[in-house]
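So you know, we letter chains A, B, ... as the sequences are listed, proteins then strands, and number each from 1. Excluded from the calculations below are hydrogen atoms, water molecules and symmetry mates; all remaining heavy atoms, backbone and side chain alike, are included.
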2 protein chains.
Amino acid sequence: MATEVFTHLPEEHDHKLTAEFARDHLPSEEELFDLAELFKVFSDSTRVRIMCALSQTEMCVYDLVELLGASQSAISHQLRLLRTSRLVRSRRVGKHIFYSLDDDHVSSIIRTGLEHLRHTKGEHDHE
Amino acid sequence: MATEVFTHLPEEHDHKLTAEFARDHLPSEEELFDLAELFKVFSDSTRVRIMCALSQTEMCVYDLVELLGASQSAISHQLRLLRTSRLVRSRRVGKHIFYSLDDDHVSSIIRTGLEHLRHTKGEHDHE
DNA sequence: TGAACATATGAATAACTGTTCATATGTTAT
DNA sequence: ATAACATATGAACAGTTATTCATATGTTCA
């Protein structure tokens, strides 16, 4: 009379139906590809640090070299990537080229990411 | 051969000062590293598609295989990564193992990313 | 029990990515 | 024009990563 335990349920789970449902509610394949490309830019610690720094203040290349302790070449290469991804813009002042964020979404994405980290850090501290 | 090098005239822009300023206002090196690690998970189109699908509905592995047209092995490998990153969780029902998002921040990050894409897409359509 | 199904996993590989090194381009002052 | 400075860039190399293949584990059903 107690609860009867079903060791197996005859649930018919329809893959094709579920897949179809999800497909109808998903962004286009192309958009999801672009999205991954966007996050790829955020997926390197040198680049995140650059973006984070630029969210504080405009900086020239050598400032970033000083700040991050990376080689001038490395920074320059990463800045090019950020430039072609339209996440930063640059303006020349004499010998210097100053970089700044091109878009408010950049810091927004970084902020959300940090929020997530801090949140889950508090949740499961152990392990 | 200690050549006496004249350090050039003071410029209007001080690298060390700017770097110092930014350093004081930056998250810790460790946190920025973790942040990059987090975004790394979002930086593959297969994984983004998985997460996006799971933000709609719980799905089992084969649903995802159907939906994404990738091999069962590939999906499984990516799910493991998502699992160990604590971005998805799983529960077993008979033969199936159902996956779902483990955290609201996941869809939040995806949403912000998509927002950025759509925004900038509209801004500069040309080139 | 064995057969069929659902998922996981280790190893191998091909493709990609970030850094370094060497060098080039562009700018300013002498 | 030359030197010194600031930045950019191509090539090469080492390290990483996503997929595939083969196989293993776990579950249900006859």
According to the 5.5 Å centroid and 30° plane-angle thresholds, does H77(B) stack upon the nucleobase of dT9(C)?
yes
Starting at the 5' end of DNA chain C and moving along, which residue's nearest nucleotide shows up first, S43(A) or S73(A)?
S43(A)
What integer distance in Å separates K95(A):NZ from dT7(D):P?
10 Å
Look at the side chain of R47(A) and the backbone N and O of K40(A), then say whether any donor-acceptor pair between them is shorter than 3.5 Å.
yes
Parallel, tilted or perpendicular: which one describes the rings of F98(A) and H96(A), with boundaries at 30° and 60°?
tilted
Using whole Å, report how far CD1 of I50(A) lies from C1' of dG18(C).
12 Å
Using a 4.0 Å heavy-atom cut-off, does F98(A) contact any base of the nucleic acid, only the sugar-phosphate backbone, or nothing at all?
nothing
Quick one: does S76(B) reach the base of dT9(C) with a side-chain donor-acceptor pair under 3.5 Å?
no
Quick one: does S71(B) reach the base of dC21(D) with a side-chain donor-acceptor pair under 3.5 Å?
no
At 4.0 Å (heavy atoms only), tell me whether Q78(B) reaches a base, stays on the sugar-phosphate, or touches nothing.
sugar-phosphate
Phosphate OP1/OP2 of dG10(D) contacted by R80(A) side-chain N/O (<4.0 Å)
yes
Tested for side-chain contact (heavy atoms from CB on, under 4.5 Å) against H116(A), the lone hit among L38(B), L35(B), D34(B) is L38(B)
With a cut-off of less than 4.0 Å, is there a side-chain N or O of T46(B) near OP1 or OP2 of dT19(D)?
yes
So, OP1 or OP2 of dA8(D): does either fall under 4.0 Å of a side-chain N or O from R83(A)?
yes
Can you check the L79(B) CG to dT9(C) P distance for me, whole Å?
11 Å
What do the steps show when you test E66(A) against Y62(A) for side chain to side chain contact (heavy atoms under 4.5 Å, CB included), and what is the final call?
CA-CA 6 Å; E66(A) 273 288 326; Y62(A) 202 73; 3.9 Å; yes
Phosphate contact (dT7(D) OP1 or OP2) by R92(A) side-chain N/O below 4.0 Å
no
Atom CD of E66(B) to atom P of dC5(C): distance rounded to whole Å?
15 Å
Round to a whole Å and report the spacing from CG of L81(A) to P of dC16(C).
15 Å
Begin from the C-alpha positions of S45(A) and L32(B) and carry the test side chain to side chain contact (heavy atoms under 4.5 Å, CB included) through to its verdict.
CA-CA 6 Å; S45(A) 100; L32(B) 289 174; 6.0 Å; no
Round to a whole Å and report the spacing from CZ of R47(A) to C1' of dT17(C).
8 Å
dA8(C), OP1 or OP2 - any side-chain N/O from Y99(B) closer than 4.0 Å?
yes
Provide, to the nearest angstrom, the distance between the CG atom belonging to D44(A) and the P atom belonging to dC16(C).
18 Å
Please determine whether any donor N or O and acceptor N or O are separated by less than 3.5 Å between the side chain of Q72(A) and the base of dA8(D).
yes
Could you check how far CG of L82(A) sits from P of dT7(D), rounded to whole Å?
16 Å
